[in-house]
Every structure is written in structure tokens, then in C-alpha cells.
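All ligand and atom numbering here is 1-based and tracks the order in the structure.
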Amino acid sequence: MKVASGSSTLELVQGDITKQDTEAIGNAANSRLAGGGGVDGAIHRAGGPAIMKECRKIGGCPTGHAVLTTGGNLKAKYVIHAVGPIYRGGNAGEAELLKSAYLSCLKIATEKGIKSIAFPSISTGVYGYPIDEASRIALTTCMDYLKEHPEIELVRFVLFGDANYRAYEKTLKEIQSEHG
Ligand code: ADP
């Protein structure tokens, strides 16, 4: 599914983020940038040791923020490692932190002149964020940013598996119908 946001495009695809040909891909990292399972493990496996080498040098990243490294052996030139919140019931500032994680990535993209970025669904795996809520935050944050920042031409959400894809698609359709 593809929609226009300002002069830019927001796209949902089902697939593997490590295979994307966007200039940058986002990662759902942990605050120690220590590598892990899930999408983080997949990115480090596919991208090779150059990414971890830079992560070690950076040292860490607070929740709600993001840092940039090389893409190593990936097609994408850069990985933007975002640290989303662990979901603790919804009253611990999770929504703001998740929004801030995406915004940090987008701001880094703007600063670096990156025109296309692919995101995984941050925080909805091991970190337990309910995907209905997380997808709304992810999509509205990116769509609002694109409207103000035409320099980013494409944001692509790469959803792992059919259920994740359908959850994002459902939310995107809801957002569209709310905004006419
Ligand atoms: P978090 O700790 O932020 O919840 P996870 O890696 O556990 O991060 O999960 C985030 C999302 O990434 C989940 O929806 C998971 O299914 C998805 N995911 C896992 N591997 C990949 C991949 N190779 N490409 C895209 N998404 C992936």
C-alpha cells in the first residue's frame, strides 16, 4: 500500500528490512547498542561487523533517540539505530518515546541528506508494544514529518510477516478515512 504525504511517499510493504534498497534503514536497537535478536540481529548478521564496530565506538543511545552508522555490507548506505521504549502498560511515557524514536531517525535523515528510509516496526516485537497503537504513532509521526520535509522523498515501512503488514494497513486506512 502506498500513499502520498505532502510531495513524498509513504509505503507499506511486507518483507525483510535487510534487503531494502533505500538509502537508510532503521533498526530497533537497545540502549546499549549491543546487538540482540529480532530485527537488530538480522541487520548485524546481514550488514557484517563494520556496523557493530561503530556501535561500540558510539557506546549507547538513550530510549527515544537514534544514532547513525554505516550500512556495512547492506544495500542501504546507512543504518539509523533507534531505541524504542519497552511497553510497560502505556502509562510510562511510551507513546512519546516511540514518537521521539521515529522523529530522531527522520531528523538524522534530514541532516545527512538521506532521501529514502525504510523502517521496521519499532518496539512491537520483544519490547511488547501493541501493534495497533504503535502503528498509529509510527505512521502519523512519519506522515506529519513528510508534510513539513519534502527533502525526504520516501518512507517505507517493512513489516515482517502478514499479520504485522495487515495491522499497519488497517491503521493507515483508518488514518486516511479520519482525515478524509
Ligand atoms: P523491539 O525490541 O523494538 O520490539 P524486535 O526486533 O523484537 O524489536 O521487533 C520489532 C519488529 O521487527 C517486529 O515486528 C519483528 O517481527 C520485526 N522484524 C524482525 N526481523 C525483521 C526483519 N528482518 N525485517 C523487518 N522486520 C523484522
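The protein heavy atom nearest to atom 4 (O) of ligand 1 is Gly125 N, 2.8 Å. For atom 26 (N) of ligand 1, the closest non-hydrogen atom on the protein side is Phe160 CB, 3.4 Å. In terms of protein heavy atoms, atom 7 (O) of ligand 1 is closest to Val126 N, 2.8 Å.
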Side chain to side chain contact (heavy atoms under 4.5 Å, CB included), that's the test. Do Phe157 and Leu139 meet it? Break it down for me. CA-CA 9 Å; Phe157 280 87; Leu139 292 169; 3.8 Å; yes
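Of all the atoms in ligand 1, the ones that sit under 4.0 Å from a non-hydrogen atom of Asn164 are 14 (O), 16 (O). Using a 4.0 Å cut-off to heavy atoms of Asp16, the atoms of ligand 1 that qualify are 22 (C), 23 (N), 24 (N). Close approach of ligand 1 to Ala42 is summarised as follows: ligand atoms under 4.0 Å from at least one heavy atom of the residue are 23 (N). Close approach of ligand 1 to Ala28 (heavy-atom distance below 4.0 Å) involves ligand atoms 3 (O), 8 (O). Against a heavy-atom cut-off of under 4.0 Å, Ile17 is close to the following atoms of ligand 1: 22 (C), 24 (N), 25 (C). Applying the 4.0 Å criterion to heavy atoms of Ser121 picks out, from ligand 1, the atoms 10 (C), 11 (C).
At a 4.0 Å cut-off, at least one heavy atom of Ser123 sits close enough to ligand 1 to count as contact.
Judged purely by atom type and a 3.5 angstrom limit, Glu94 uses its side chain to pair as donor or acceptor with the backbone of Arg88. A side-chain donor-acceptor contact under 3.5 Å links Ser116 to the backbone of Glu23. Here the side chain of Asn30 pairs a donor or acceptor atom with the backbone of Gly35 at under 3.5 angstrom.
In terms of N/O distances under 3.5 Å, ligand 1 is not approached by Asp40. Below 3.5 Å of separation, one finds no N or O of Ile122 facing any N or O of ligand 1. Where the criterion is an N or O separation shorter than 3.5 Å, residue side chain and backbone included, Val39 meets it with respect to ligand 1.
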N/O donor to acceptor pairs below 3.5 angstrom from side-chain atoms of residues 6-14, sequence neighbours left out:
unit_1, atom_1, unit_2, atom_2, d
Ser8, OG, Ile152, O, 2.7
Glu11, OE1, Arg156, NE, 3.0

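Using a 4.5 Å heavy-atom cutoff, the side chains of His149 and Leu106 are not in contact.
A salt bridge links Glu174 with Lys170; the closest basic N to acidic carboxylate O contact falls under 4.0 Å.
One finds the OG1 atom of Thr171 at 13.0 Å from the CZ atom of Arg166 (value rounded to the nearest 0.5 Å).
Checking Thr70 against Glu54 by side-chain atom types alone, no donor-acceptor pair falls below 3.5 Å.
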